[in-house]
Amino acid sequence: MATVDAGSVQTTSGRGREWEIWKGRALLYLLRLWEIFRKLLRSRVGFTGLFIVVGFILLAAAAPFFAGPHPNSREAFRDTPLLAPSLTHFLGTDWQGRDLFALVVYGSQVSLIVGLAASFVSIVVGTAVGLVGGYYGRIVDQVLARATDFFLVIPWLPFVIVIAAILGPGFWTTVIAIAVVSWPSTARIVRSQVLSIKTRPFITRARAIGANDLHILRSHVVPVIAPLVFANAVLTVSVAIFTESFLSFFGLGDPTTVSWGKIIQEAYDHQVAFGGMWWYFGPPGVSVSVLVLGFSMVSYALEEILNPRLRKR
Amino acid sequence: MPTTARRYLLRKALSVVLTIFLIVSLNFILFHVLPGDPTRVLLPKGGGSTNVTGGQQLREALLSEWGLDRPIHEQFVIYLQHMFQGDLGTSITYRIGQPVTSIIAPRLLNTIVLVGIATILSIVIGTKLGQIAGWRRGQPSDLAITMVSLVAYSIPTFWLGLILMFVFSLALSIFPSGQLDLSADPITIAQQLALPVTTFVVESFALYTMIMRNSLTDVLTEDYMVTARAKGLSTKRQLRDHAYPNARLPMITVIAFNIGWILSGAIAVEVIFRIQGLGLLTYDAVRARDFPLLSAAFLVATIGVVVANAIADVLYVYLDPRVTEA
């Protein structure tokens, strides 16, 4: 932390020096991330989770390679609806004659993008609220903590459904709805962390040598809470993917794309379960479960690594 | 009852009232301020335009009946007045013109029965597994229980319901897939509830397992556990008399905190198994774009969660008198 601390004593300023500090800070972050990453790879649960997540990211990125053009595009070939699995259609076709294998492969893109976007928004909002409330304390904290508790009490699924129903289906609706219900848990974790960090000697010291609030937050508080926020972000991604599939199943997902939840919803609406077409509603559900599991496992392993309380005994 | 406890309960009661007021306000903001003109929902085709005979007059009549032509703060007062009279609005699709309360009330019972039975089972199973995992932390049995919990937690509820229904009702025809009827004989009810309750339990036991596991890990590092060991108590007695009772305490808070989450699971289960509860009603309201009904269902669910939370808090005071001191 030596290089970072030097920044608080503003003896020699100037662009070059600022840049040096930023470089040092970035390096520090990278080193810590690398450290966590190595521990993650060493844990069995973490490695398996990471393997699943990376696998799905590759699948999503190389979707055209695995499954040809998007089944909704003009180039895609439409066959007879509700075909059984065969060599041309590994998982048969859906009610519109689209290739189900291609739909499932492309579905991974929707889940990952929605999951990451929603998680990002909720983490930014949650961290900001937790930081400000925890650091400034008093009335600001009272108001923000009350607001956080209030949003935590509201049952999340009905709330998500209501928001999505009012805003109307769409990509951003899904992202906003998920973010609105998931920021409070991040805010709580961040706040409790900030409250304990605030009392540590290095904060008092920084303030004594004249560092302002912004500097203390940026250089002394954020680096300490960053790993926990990161672990929480990973968990939020899994919740977001889970919620997205649910919204799609409710007919409140983005109508322009085909997500896993939507495939299951269409299967349900066309009552394929009653026809015994397990290959229709099976694979998208397995995909959601495995991807959510992957993120949950990474998050679980991260918490074991980062939470010293769980390590002792 | 000591004064501290009484003051604590009073403060809790005040906070519940405040929270309910905020929820009612949020509901107002969501359904009255955000979507613009509610008559557009009620008169979907041509509502607000003049190409339907009398459409414009009907729209204006509705606007003035609901007080929507008045400023927003007056609307809020009207809304609150209706709330206090138990008038949650009129459904626009589901038995048109019926007061929403008469639709919700009978369904609430179905939901409570389903959620109640399933939650008790989940807590029993989850706690047991959490105790095993917490005590054997880091050992193969801990890893196995953790993995099973994570997997169960990751499966979407609606999909698990579909799979169970497909396997047990259709392929093996063990359980009927008929509608839940609480006036039927107990065996029929048990048969009807078997699959929904199983789905629910699989989805929610993991939460309790994880809480119990972590809580027990905390407790095991406490000084009184060292004392218990030093006294030469058997492992079984150390756990049963000293560790478990203390580890269970934080669970109550967490359960109270997660009541909203627990209730959320009911939506998917009710939709898949067609149980006429609050969750299925929410689904139908969304599908039919029946906003008054959706709004009322949301309000009832949210207030139910707040009240359940408060009950858990009060319960906690009796189980652990230390909380009032904080």
Side-chain angles (χ1 to χ4, degrees), chain A residues 44-45 48-49 146-147 149-168 238 241-242 245-246 249-252 260-261 264-265 267-268 272-278 281-282 284-286 288-297 300 303 307 309-310 312-313, chain B residues 18-19 22-23 26-27 30-31 34-35 137-138 143 146-147 150-151 153-160 162-163 165-167 170-171 210 214 217-218 220-221 257 259-268 271-272 278-279 282-283 285-287 289 291 294-295 297-298 301-302 304-306 309:
Chain A
R44 251 183 305 180
V45 177
T48 318
R146 280 265 143 192
D149 284 346
F150 173 69
F151 277 98
L152 271 173
V153 164
I154 301 173
W156 67 279
L157 202 47
F159 197 24
V160 166
I161 290 167
V162 163
I163 295 171
I166 288 170
L167 295 180
S238 76
I241 292 171
F242 198 87
S245 74
F246 203 99
F249 179 71
F250 251 67
L252 290 169
W260 292 329
I264 301 172
Q265 178 238 323
Y268 176 72
V272 297
F274 302 104
M277 285 180 237
W278 52 267
F281 63 86
V286 172
V288 179
S289 311
V290 173
L291 184 54
V292 170
L293 179 67
F295 277 107
S296 305
M297 284 168 87
Y300 171 83
E303 206 178 318
N307 194 343
R309 201 201 54 193
L310 291 177
K312 68 182 173 186
R313 190 195 146 195
Chain B
L18 184 72
T19 311
L22 285 175
I23 285 167
L26 176 78
N27 207 34
L30 284 174
F31 286 94
L34 286 181
R137 191 179 187 91
L143 189 70
T146 305
M147 279 318 295
L150 279 179
V151 170
Y153 194 75
S154 303
I155 303 172
T157 324
F158 59 91
W159 184 71
L160 180 69
L162 269 181
I163 296 287
M165 193 162 75
F166 172 65
V167 173
L170 300 161
M210 286 335 218
N214 291 344
T217 311
D218 272 359
L220 289 176
T221 61
F257 214 76
I259 288 172
W261 186 86
I262 293 165
L263 196 85
S264 299
I267 297 184
V271 169
I272 295 296
L278 209 54
T282 308
Y283 179 78
V286 167
R287 279 279 163 119
R289 295 279 180 271
F291 282 99
L294 182 61
S295 162
F298 178 59
T302 315
V305 169
V306 172
N309 250 316

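Computed from a prediction, not measured in an experiment: that's the story for all the values here. Each chain gets a letter, A, B and so on, in the order the sequences are listed, and its residues count up from 1.
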Test side chain to side chain contact (heavy atoms under 4.5 Å, CB included) applied to A:L157 and B:T282, step by step: CA-CA 11 Å; A:L157 202 47; B:T282 308; over 6 Å; no
Between A:F150 and B:I23, is a side chain to side chain contact (heavy atoms under 4.5 Å, CB included) present by the stated rule, with each step listed? CA-CA 8 Å; A:F150 173 69; B:I23 285 167; 3.4 Å; yes
Counting heavy-atom pairs under 4.5 Å with chain B, which one of A:P284, A:G261, A:G282, A:A164 comes out on top?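 So the answer, after comparing A:P284, A:G261, A:G282, A:A164, is A:G282.
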If you count heavy-atom pairs within less than 4.5 Å of chain B, which of A:L152, A:V160, A:L291, A:V162 leads?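 The candidate making the most pairs under 4.5 Å is A:V162.
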Decide if atom CZ of B:R287 counts as having more than 12 heavy atoms of other residues, nucleotides or ligands within a radius under 6.0 Å.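 Yes - once you tally the heavy atoms of other residues, nucleotides and ligands closer than 6.0 Å, there are more than 12.
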Say you draw a straight line from [atom1] of [X] to [atom2] of [Y]; how long is it, rounded to the nearest 0.5 Å?
| X | Y | atom1 | atom2 | answer |
| --- | --- | --- | --- | --- |
| A:Y300 | B:L150 | OH | CG | 7.0 Å |
| A:E303 | B:N214 | CD | CG | 7.0 Å |
| B:T19 | A:R146 | OG1 | CZ | 6.5 Å |
| B:L26 | A:I154 | CG | CD1 | 5.0 Å |
| B:L294 | A:I161 | CG | CD1 | 8.0 Å |

ring-ring contact (aromatic ring centres under 6.0 Å, His included) with A:F151: which residues, sequence neighbours excluded?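 Expected list: A:W183.
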Test item: A:P158 and B:T302 side chains (from C-beta on) under 4.5 Å apart, heavy atoms: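 The answer is no; the side chains never approach within 4.5 Å.
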Quick check for you: among B:L160, B:T146, B:I163, which has the greatest number of heavy-atom pairs under 4.5 Å with chain A?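 Of B:L160, B:T146, B:I163, B:T146 has the most heavy-atom pairs under 4.5 Å with chain A.
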Which atoms of A:F250 approach chain B - backbone, side chain, both or neither, heavy atom under 4.5 Å: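 For A:F250, heavy atoms of backbone and side chain both lie under 4.5 Å from chain B.
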Chain B contact via A:F246 - which portion, at a heavy-atom distance below 4.5 Å: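 For A:F246, the contact with chain B is made by backbone and side chain together.
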Worked check of side chain to side chain contact (heavy atoms under 4.5 Å, CB included) between A:V45 and B:L143: CA-CA 9 Å; A:V45 177; B:L143 189 70; 3.6 Å; yes
Quick check: closest heavy atoms across [X] and [Y], and the distance to 0.1 Å?
| X | Y | result |
| --- | --- | --- |
| B:V305 | A:V153 | CG1-O, 3.3 Å |
| B:P156 | A:V288 | CG-CG1, 3.5 Å |
| B:S154 | A:L293 | OG-CA, 3.2 Å |

Any idea how A:F281 and B:F166 line up, ring-wise: parallel (<30°), tilted (30 to 60°), or perpendicular (>60°)?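 Perpendicular.
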Would you please classify the geometry between the A:F159 ring and the B:F298 ring as parallel, tilted or perpendicular, with 30° and 60° separating the classes?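 Plane angle under 30°, so parallel.
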Contacting moiety of B:A268, where chain A heavy atoms sit under 4.5 Å: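 For B:A268, backbone and side chain are both near chain A.
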Identify which part of B:V151 has an atom lying under 4.5 Å from any heavy atom of chain A, answering side chain, backbone, both or neither.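 Its backbone and side chain both get close to chain A.
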Output, in order, the C-alpha distance, side-chain angles, deciding distance and verdict of side chain to side chain contact (heavy atoms under 4.5 Å, CB included) for B:W159 and A:V286. CA-CA 9 Å; B:W159 184 71; A:V286 172; 3.6 Å; yes
